[in-house]
Structures are given as C-alpha cells and as structure tokens.
Amino acid sequence: MSNITSDQRLKEVVGKLSEPDSLKGLFHQHQDGTPIPSNKALVEIIDLSRSILFPGYFGRNSFTKQTLEFHLGVRTEKLHHMLAEQILAGLCFARPEEQSIEDLDCARCKASDIAMQVIEQFPSIRKMLSTDITAAYNGDPAAQSKAEIVSCYPVIKTLSSYRIAHELYKLNVPLIPRMITEIAHSETGIDIHPGAQIGEYFTIDHGTGVVIGATCIIGKNVKLYQGVTLGAKSFPLDEKGNPIKGIARHPILQDNVVIYSNATILGRITIGAGCVVGANVWVTKDMKPKTKKYKQEKIDKLDIEFNNGTGI
C-alpha cells in the first residue's frame with residue numbers, strides 16, 4: 001500500500017494536466033471582462049427564435065390575435081439582447097490572445113448591430129421556412145396537416161436553426177453559427193453546416209444521419225431522405241500537410257433533385273436539375289439534368305415513383 005496521500009496524488013495529476021506542452025491547441029485563455037459562448041444560452045435563443053417564427057407552436061405563452069404583437073415584441077427584444085451577448089462572446093473568443101480588450105465597447109456595439117441585422121431577416125426566414133413546411137407536407141403522404149409538420153418533424157427544427165445560423169455565418173460571426181447548427185445536430189441527427197446554401201421548398205424526410213457540407217449549394221424544391229451525405233471527395237494540402245481552407249469541395253444540387261436514403265454524393269460535382277439518385281448509391285461525377293442513378297439488384301422495375309419523389 002502506497003504511503004502517498006490522495007491529496008498528493010491529485011496534486012501530481014493536476015501538475016501534469018497544467019504542463020504547457022500538454023495544453024498546446026487545447027487551452028483557450030479567457031480574458032477578464034469578456035463573455036464566454038454559452039451552449040445553454042444558445043439553446044434558449046433557438047427556442048425563443050422558434051417561438052417568434054412559429055407563434056403558438058413553441059414557447060410557454062398562449063398566443064391570441066389580440067396578444068400576438070405584444071408577445072412578439074417582448075420576445076424579440078429579449079432575443080436581441082441574448083443574441084447580441086452571444087455574438088459578442090463569439091467575437092471575443094476569436095480575438096487573438098495578444099489583442100487588447102480596450103475596444104470591448106466597440107465590439108459590443110458591433111455585436112448589437114449584427115444581432116439586429118439577423119432579426120431583421122426573420123420575416124424572410126419565416127417566409128423561407130413556410131416553403132420548407134409546404135415541401136415536407138406535399139412530400140409525405142403520412143402527414144395529416146402542416147401543423148403536424150411544424151410540431152413534429154425534425155427537418156423544421158433543423159432548418160429553423162440552420163437558416164438563422166446561416167445569416168450569422170454570412171455576417172462573419174465566429175463560432176456561434178456552428179454552435180447553433182451543432183445543437184440542432186444533437187437534437188435531430190441532421191448535420192447541416194451553416195455555410196451551406198439551401199434554396200426554398202427544401203425538405204428531408206425522416207432526417208436522421210443526413211450530412212450537408214459547408215460549401216454545398218442546393219437549389220429549389222430539393223428533397224433528401226435519411227442517411228444522405230453531401231460531402232467532400234478530397235481536398236488539397238498545403239506545404240505542411242494541412243488542409244487548405246475555403247475551397248469549394250461539396251456538391252451542387254440544382255432544382256427539383258431527389259436523393260434517396262443512404263446515398264453518398266462526394267466532391268464539387270453538379271447534380272443537374274430534375275435528377276434522381278437512388279438509395280445506397282455513390283456519386284462522384286456530374287449528372288446531367290433529368291437523369292437517374294440507382295442500383296439494380298436482380299430487378300428491372302422499382303416500386304418507388306422516382307419522378308415525383310414519393311417513395312417512402
């Protein structure tokens with residue numbers, strides 16, 4: 001039995017954990033007086049945003065026509081304050097360690113303005129989400145109402161988070177957009193990078209396991225099924241062997257494309273308008289418009305209606 005006490009053993013472990021060599025790339029030094037990005041606060045921001053975009057579906061208060069404007073006003077004001085604080089946290093988090101925080105008031109003003117710019121896009125975001133709801137409803141014969149789509153379907157939760165995060169991403173807000181989409185990823189199993197560009201009338205049936213990369217461009221009226229990957233085939237490395245950032249490396253999906261479950265589309269290729277990709281298919285080359293690609297396993301005909309995308 002060792003004579004070393006528990007306190008001494010713990011002190012030894014703490015000493016090893018505090019060694020500079022063990023912390024390279026793993027330690028973010030916080031500067032006093034600056035906010036820290038908060039996953040908990042962002043979850044609240046997402047919930048608050050959904051209650052504004054879909055009044056009566058999310059949030060604790062009951063809405064009526066008489067109280068709608070009041071409740072939206074209160075929630076929007078609260079959202080602006082909370083979002084500005086998290087944007088500021090993102091800006092401070094990305095600041096080089098040697099940079100002074102004397103300009104914190106300037107950064108706070110910038111964060112407040114960015115938050116306002118995002119909230120000013122909420123009418124457009126709501127309009128875009130309404131097309132996504134329509135696409136989900138029209139594409140799923142099991143759906144009984146659009147209210148069911150809003151209340152139950154993971155794609156709407158994911159897209160509401162993504163479309164807000166995308167606005168933040170376009171305004172060059174560090175970290176926060178990715179945190180928002182990763183919260184949605186944990187919530188729904190759908191992984192959409194905030195940098196992806198997604199057109200209106202977009203839907204994902206079932207949803208779990210879908211991955212959409214940062215430089216994807218998706219047109220109008222596109223439908224994906226569960227397990228679809230829109231990923232990178234490969235990427236060039238710099239002289240040190242590190243991936244070169246900022247290169248377009250993910251697929252382009254033109255209008256009216258349907259991609260069935262567990263299909264994998266890789267690289268900066270174009271899937272032409274009206275194309276259909278069947279289940280479990282790998283695609284690494286361009287597809288001309290209105291073409292189909294699927295596996296034939298001892299069958300000549302499929303029961304799936306490829307032309308209208310109502311297979312499941």
Side-chain angles (χ1 to χ4, degrees), residues 23-55 58-61 68-129 157-187 192-198 214 245-246:
L23 292 169
K24 289 181 179 179
L26 303 175
F27 172 47
H28 179 80
Q29 183 167 318
H30 176 65
Q31 294 178 301
D32 291 339
T34 63
I36 302 174
S38 167
N39 197 77
K40 181 178 179 181
L42 288 171
V43 168
E44 187 175 351
I45 284 170
I46 292 167
D47 291 341
L48 191 57
S49 297
R50 289 173 182 168
S51 75
I52 293 168
L53 293 167
F54 307 110
F58 300 96
R60 297 179 181 177
N61 296 88
L68 178 63
E69 188 170 354
F70 169 78
H71 284 304
L72 288 179
V74 171
R75 294 184 182 200
T76 303
E77 185 176 357
K78 181 179 179 180
L79 176 63
H80 177 255
H81 172 75
M82 292 188 66
L83 186 57
E85 189 71 8
Q86 289 307 301
I87 292 171
L88 176 62
L91 294 173
C92 291
F93 191 88
R95 174 189 289 136
E97 291 184 10
E98 67 275 7
Q99 186 174 334
S100 170
I101 63 168
E102 293 178 356
D103 61 343
L104 185 59
D105 287 341
C106 181
R108 195 177 298 277
C109 289
K110 180 180 179 180
S112 179
D113 180 64
I114 292 173
M116 185 59 69
Q117 290 184 60
V118 173
I119 292 172
E120 285 174 337
Q121 293 301 313
F122 268 43
S124 297
I125 292 173
R126 179 190 281 171
K127 184 176 181 180
M128 185 73 82
L129 288 168
K157 291 181 178 180
T158 296
L159 289 178
S160 60
S161 294
Y162 154 75
R163 295 203 183 278
I164 294 168
H166 184 63
E167 295 300 323
L168 290 163
Y169 183 89
K170 290 193 297 183
L171 293 167
N172 298 313
V173 175
L175 191 64
I176 303 303
R178 190 64 186 271
M179 290 181 69
I180 289 174
T181 54
E182 285 304 322
I183 290 169
H185 183 194
S186 298
E187 183 182 21
I192 304 178
H193 192 283
Q197 301 175 47
I198 301 177
K245 305 292 185 178

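In what follows, every heavy atom counts, from backbone to side chain, and hydrogens, waters and symmetry copies are set aside.
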N/O donor-acceptor pair under 3.5 Å between Tyr162 side chain and Ala196 backbone: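 Side chain of Tyr162 to backbone of Ala196: a pair is present.
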[atom1]-[atom2] distance between [X] and [Y], expressed to the nearest 0.5 angstrom:
X      : Y      : atom1 : atom2 : value
Ile36  : Leu88  : CD1   : CG    : 11.5 Å
Leu42  : Ser49  : CG    : OG    : 10.0 Å
Leu83  : Leu48  : CG    : CG    : 9.5 Å
Leu53  : Arg50  : CG    : CZ    : 9.5 Å
Glu120 : Asp113 : CD    : CG    : 8.0 Å
Lys170 : Gln121 : NZ    : CD    : 6.5 Å

With a cut-off of 6.0 Å (strictly less than), are more than 12 heavy atoms of other residues, nucleotides or ligands near CD of Gln117?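 Count over threshold, so yes.
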Which pair of non-hydrogen atoms, one from [X] and one from [Y], has the smallest distance, and what is that distance?
X      : Y      : answer
Arg163 : Ile198 : NH1-O, 3.1 Å
Ser112 : Ala84  : CA-CB, 3.8 Å
Tyr169 : Pro177 : N-CG, 3.7 Å
Ala165 : Thr181 : CB-CG2, 3.6 Å
His166 : Pro194 : ND1-O, 2.7 Å
Gly90  : Ile176 : CA-CG1, 4.0 Å

Flag side-chain contact, heavy atom, 4.5 Å: [X] against [Y]:
X     : Y      : value
Ile87 : Leu171 : no
Cys92 : Pro35  : yes
Leu79 : Ile45  : yes
His71 : Pro55  : no
Ile46 : Ile164 : no

Option from Lys78, Gln86, His80, Glu85 for which side chain to side chain contact (heavy atoms under 4.5 Å, CB included) with Met82 holds: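 Considering Lys78, Gln86, His80, Glu85, a side chain to side chain contact (heavy atoms under 4.5 Å, CB included) with Met82 is found only for Lys78.
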Plane angle bin for Phe58 and Phe54 - parallel if under 30°, tilted between 30 and 60°, otherwise perpendicular: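 Correct class here is tilted.
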